[in-house]
Structure formats: structure tokens, C-alpha cells
Participant: 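This is the structure, below, for whatever I ask next.
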Amino acid sequence: MKLLIVEDNASLRKTLLNYFREDGFAADSATDGAEGFHKATNWDYDAIILDAMLPEMDGFTLVKKLRDGGHSVPVLMLTARTSLTDRLNGLDSGADDYLAKPFEMEELAARVRALIRRRIGMPHSVFTLGPVTLDTARKIVLLDGKPLELTAREYALTEILILHADRVVTREFLYEKLFDERDETLSNMLDVYIYKLRQKFGRDFIQTRRGQGYQFCAG
């Protein structure tokens, strides 16, 4: 899953990026509202973490412009202003959730995961497909009831494939969701991760559809 973090405070922005990347997300960032709006409208994100008070364009204006333009990406707003008026302003502008600073990172991550689940129509954090169980809250995958040892990015790839198991997932889509602006060269990185997952799941679980992409088959 891929996030956009729009935050002008350099220390907090770095903390958020590091936390979510270590948690298996691909994450891009923007330092002001104008840059955030540009990225939000030109790349496909699963959720946006948006500071309310930003230079160039404030968060309230940014999210309103997104909604006016037909963009439905979930937005969680962060702000140090805790008055009821500010909270209502954020939600009325089109934000899906609102969290006041200071906050606990675990709560922020849980709220982000909940927003993403609602967007894809997944009511619970646990999803079972044949012998495979995916727990998006605990970030674990079970095969025949036994946990698999996965790196953060291996888990991220597994999550995408399982949640889209009803369709073929293109290589382009996987590159978009797995890798962020840190990754300067992608070349055969996806092939390497597919190979590693096949070693852990078994080759038949991840089918290659020639000229199309990949599909997770566990039923």
C-alpha cells in the first residue's frame, strides 16, 4: 500500500516516513500544500496523511480541491488545533478522519489501515483465502495456521496480491504500490520479491499471467 504524507515540519515528516516504511508501506512526502496537491493528483495513493496548516496551500483547501476534482482517496488530517470548529472544518472539507497533535503513532497507523480497508470494502482486518490468512492489523500472514517469516516489503507484496486475488494484478500496478520516491532503480526488483514469495508459499500460489501480470491463487 502507498501513502502520501504532506507535512511541513521536517522532523515529524521524517518520523512519519520512517515509521510507515518500516511498517511495510511505500510512502512519498510533500513539504507544502501545492506540492501535496500535485502529487495527490498525479499518483495513485491508498491514503493521504495531511497536515492542516501548510504553506502555499492549507490542508483544508487541498482536500476540498481533491474532492471537487473527483478524487476519492482517503484523507486523514493532522492538526495542532483541537477546537470543534477546526475538526468540523476538516471533515466538512472532505477529510475522512481527523487526529489532533500530539498523537500516538500506533493510533495513527490503525486509523490509516481502517481508512484503506473501508475504501477496498474489507470490513475486518483478517482475510482468509484457502489455507492463507492475512491479518492487516498485525501485519502477519499464516499458511496452514503457521506464520510466515516475511520482510516488510514481502508482506506488502503479499497483501496486495491477496486483496486483489479476484483479478490479475499488473506489473505496473505493483510497481506503483510497492515502491516510492526513494527507489531510484527498480529494474528486476519485483521479480526478486516474487521469487522469494514463491519460495515461502510454494510456486503454485502466485501464478504468472503472460503479458498481464500476477494472480494469487490459494482457493
Side-chain angles (χ1 to χ4, degrees), residues 1-10 12-21 23-81 86-99 101 103 108-109 111-122 136 153 156-157 159-160 163-164 167-186 189-190 213:
M1 299 297 179
K2 193 168 187 176
L3 302 179
L4 174 62
I5 297 169
V6 190
E7 170 61 61
D8 63 324
N9 182 291
L12 179 56
R13 185 173 63 252
K14 182 178 180 180
T15 297
L16 291 170
L17 284 170
N18 289 340
Y19 182 91
F20 280 100
R21 286 169 176 170
D23 201 33
F25 287 88
D28 294 341
S29 67
T31 60
D32 60 59
E35 182 186 13
F37 182 75
H38 172 76
K39 289 187 174 181
T41 53
N42 283 277
W43 282 272
D44 183 21
Y45 295 101
D46 294 290
I48 297 174
I49 298 173
L50 175 66
D51 188 32
M53 305 310 295
L54 293 165
E56 303 297 332
M57 181 192 303
D58 64 57
F60 303 113
T61 302
L62 193 160
V63 71
K64 186 176 187 306
K65 288 185 66 175
L66 285 178
R67 299 306 185 229
D68 289 346
H71 297 277
S72 61
V73 56
V75 175
L76 185 150
M77 291 194 73
L78 301 176
T79 182
R81 300 166 65 178
D86 290 324
R87 295 199 301 273
L88 293 178
N89 189 17
L91 295 171
D92 287 341
S93 296
D96 299 274
D97 201 357
Y98 190 104
L99 190 59
K101 300 176 183 178
F103 53 83
L108 173 62
R111 287 172 178 259
V112 168
R113 290 193 299 267
L115 289 178
I116 293 173
R117 286 200 307 271
R118 285 202 293 270
R119 188 190 192 194
I120 64 177
M122 182 181 175
T136 61
R153 191 159 275 177
L157 175 55
E159 182 180 84
I160 294 169
L163 294 180
H164 295 83
R167 72 195 77 169
V168 176
V169 183
T170 67
R171 290 176 63 87
E172 292 77 10
F173 182 84
L174 290 173
Y175 274 116
E176 176 72 20
K177 296 298 184 182
L178 278 177
F179 305 111
D180 54 43
E181 53 201 5
R182 296 171 303 166
D183 300 298
E184 296 180 359
T185 174
L186 302 179
M189 288 177 66
L190 179 58

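Atom set for the values below is all heavy atoms of this structure, side chains included, hydrogens, waters and symmetry mates excluded. These numbers were taken from a predicted model, which means no experiment stands behind them.
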Participant: Once you round to the nearest 0.5 Å, how far does CG of Leu50 lie from CZ of Phe60?
Facilitator: 9.0 Å

Participant: Would you mind reporting whether Ile116 and Phe25 have side-chain heavy atoms less than 4.5 Å apart?
Facilitator: yes

Participant: How close do Glu176 and Asp44 get, counting heavy atoms only, and between which atoms?
Facilitator: OE2-N, 3.2 Å

Participant: Given side chains that start at C-beta, do those of Leu16 and Leu108 come closer than 4.5 Å, heavy atoms only?
Facilitator: yes

Participant: To the closest 0.5 Å, what do you measure between CE (Met189) and CG (Leu174)?
Facilitator: 12.5 Å

Participant: When rounded to the nearest 0.5 angstrom, what distance separates OG in Ser93 from CZ in Arg67?
Facilitator: 10.0 Å

Participant: Which atoms form the tightest heavy-atom contact between Asp28 and Leu17, and what is the distance?
Facilitator: O-CD2, 3.9 Å

Participant: Could you walk me through whether Arg113 and Glu159 pass the salt bridge (charged side-chain N to carboxylate O under 4.0 Å, His left out) check?
Facilitator: CA-CA 12 Å; Arg113 290 193 299 267; Glu159 182 180 84; over 6 Å; no

Participant: Between Arg13 and Asp51, does a salt bridge (charged side-chain N to carboxylate O under 4.0 Å, His left out) hold up when you go through it step by step?
Facilitator: CA-CA 10 Å; Arg13 185 173 63 252; Asp51 188 32; over 6 Å; no

Participant: Show the nearest heavy-atom pair for residues Ala52 and Asp58, with the distance to one decimal.
Facilitator: O-CB, 3.5 Å

Participant: Quick one, Leu99 and Leu78 - any side-chain contact, counting heavy atoms below 4.5 Å?
Facilitator: yes

Participant: Any carboxylate oxygen within less than 4.0 angstrom of a Lys/Arg side-chain nitrogen, looking at Glu181 and Lys39?
Facilitator: yes

Participant: Can you spot which of Lys177, Arg118, Lys2 makes a salt bridge (charged side-chain N to carboxylate O under 4.0 Å, His left out) with Asp46?
Facilitator: Lys177

Participant: Testing the basics here: between Ala27 and Ile5, what is the closest heavy-atom pair and its distance to 0.1 Å?
Facilitator: CB-CD1, 4.4 Å

Participant: Would a 4.5 Å heavy-atom cut-off, applied to side chains only, mark Phe173 and Ile160 as touching?
Facilitator: yes

Participant: Measuring from atom CG of Leu4 to atom CD of Glu35, what distance do you get when rounded to the nearest 0.5 angstrom?
Facilitator: 8.5 Å

Participant: How long is the straight-line distance from CE of Met53 back to CG of Asn9, given to the nearest 0.5 Å?
Facilitator: 14.0 Å

Participant: Keeping the roles fixed (side chain from Asp23, backbone from Tyr19), state whether a donor-acceptor pair exists under 3.5 Å.
Facilitator: no

Participant: Between the side chains of Arg119 and Asp96, is the shortest nitrogen-to-carboxylate-oxygen separation below 4.0 Å, so that they form an ion pair?
Facilitator: no

Participant: Would you name the heavy atoms of Asp180 and Ala26 that are closest together and state the gap between them?
Facilitator: OD2-CA, 3.6 Å

Participant: If the test is side chain to side chain contact (heavy atoms under 4.5 Å, CB included), which one of Ile48, Leu66, Val63 qualifies with His71?
Facilitator: Leu66

Participant: Tell me the closest heavy-atom pair linking Gly24 and Ala156, and the distance in Å.
Facilitator: O-CB, 3.2 Å

